[in-house]
Amino acid sequence: MPVWVEGALFSAGDGHAAQGDGEVGISAIETELTVTLRISVLHGESIEEPRYETDHYYATTGIGTTILEAAQKATGYMIDYVCSRYGLEKEEAYVICTAALDLKICETVDLPNYLVAAHLPKEIFLSI
């Protein structure tokens, strides 16, 4: 996640025991959670919006005033990531995203903003 303030701290919260994909309303089943996070500071890198990864996929996010705008931003950020990480041309990264990228509507409740995440499986890069 980008940090724009020197000395900024990290916090995580708003645990949900259950909530449908897309967070369509304010109500979810709130709960206390215990999580383990690994945080690394990547000096000299700049991203427009938060990214995250698991053992299985890498994800970029896009926030927009429409679902389409948010999806296009998340996809564009993923194309940029694939190009920089694997040394591919934009056209090659676009083809990979067309074949393997999963778009997830993460949030519709915070109008006028929508959040879309783009998930790309790491396993497709095992031979690169």
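Each residue takes its place number in the sequence, starting with 1. Excluded from the calculations below are hydrogen atoms, water molecules and symmetry mates; all remaining heavy atoms, backbone and side chain alike, are included.
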Below 3.5 Å, can you tabulate the donor-acceptor pairs from side chains in residues 75-85 to any protein atom, sequence neighbours excluded?
{"unit_1": "Thr75", "atom_1": "OG1", "unit_2": "Ala71", "atom_2": "O", "d": "2.9"}
{"unit_1": "Tyr77", "atom_1": "OH", "unit_2": "Glu49", "atom_2": "OE2", "d": "3.2"}
{"unit_1": "Asp80", "atom_1": "OD1", "unit_2": "Lys90", "atom_2": "NZ", "d": "2.7"}
{"unit_1": "Ser84", "atom_1": "OG", "unit_2": "Asp80", "atom_2": "O", "d": "3.3"}
{"unit_1": "Ser84", "atom_1": "OG", "unit_2": "Tyr81", "atom_2": "O", "d": "3.1"}

Inset, instruction - Please test Ile67 against Thr108 for side chain to side chain contact (heavy atoms under 4.5 Å, CB included), starting from the C-alpha separation and ending with a verdict. - result: CA-CA 8 Å; Ile67 295 284; Thr108 61; 4.2 Å; yes

Inset, instruction - For residues Ala70 and Gly64, report the shortest heavy-atom separation together with the two atoms involved. - result: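 Taking every non-hydrogen atom into account, CB-N, 3.6 Å.
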
Inset, instruction - State, to 0.1 Å, how close Ala117 and Ala74 come at their nearest heavy-atom pair, and which atoms those are. - result: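 Shortest heavy-atom separation between Ala117 and Ala74 comes out as C-CB, 4.5 Å.
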
Inset, instruction - Please determine, by modelled atom types, if Glu30 and His16 share a side-chain donor-acceptor pair under 3.5 angstrom. - result: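 There is such a pair (donor and acceptor under 3.5 Å, judged by atom type) between the side chains of Glu30 and His16.
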
Inset, instruction - Not counting sequence neighbours, which residues clear side chain to side chain donor-acceptor pair (under 3.5 Å) with Glu53? List them please. - result: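 Per chain and number, Glu53 pairs via side chain to side chain donor-acceptor pair (under 3.5 Å) with Lys122.
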
Legend entry - Set of side chain to side chain donor-acceptor pair (under 3.5 Å) partners for Tyr58, sequence neighbours left out: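 With sequence neighbours excluded, Tyr58 shows a side chain to side chain donor-acceptor pair (under 3.5 Å) to no residue whatsoever.
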
Legend entry - Atom pair CG (Asp55) and CD (Glu123), whose distance is rounded to the nearest 0.5 Å: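 The distance works out to 12.5 Å.
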
Inset, instruction - Please round to the nearest 0.5 Å and tell me the distance separating atom NE2 of His119 and atom OG1 of Thr60. - result: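 Rounded to the nearest 0.5 Å, the NE2-OG1 separation comes out at 8.5 Å.
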
Inset, instruction - Determine, using the 4.5 Å side-chain heavy-atom cutoff (strictly less than), whether Leu111 and Ile63 are members of one ILVMFWY cluster. - result: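 No; Ile63 is not reachable from Leu111 via cluster members.
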
Inset, instruction - Would you please name every residue forming a salt bridge (charged side-chain N to carboxylate O under 4.0 Å, His left out) with Asp110, sequence neighbours left out? - result: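 Residues passing salt bridge (charged side-chain N to carboxylate O under 4.0 Å, His left out) with Asp110: none at all.
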
Legend entry - Side-chain cluster (under 4.5 Å, hydrophobic types only) that Tyr57 belongs to, other residues: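 Via sub-4.5 Å side-chain contacts, Tyr57 links to Tyr52.
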
Inset, instruction - For Glu92 and Leu88, indicate whether the former's side chain and the latter's backbone hold a donor-acceptor pair under 3.5 Å. - result: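 No: the side chain of Glu92 does not pair with the backbone of Leu88.
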
Identify every side-chain donor-acceptor pair in residues 94-105 under 3.5 Å, counting partners at least two apart or on other chains, and give the distances.
{"unit_1": "Thr98", "atom_1": "OG1", "unit_2": "Tyr94", "atom_2": "O", "d": "2.9"}

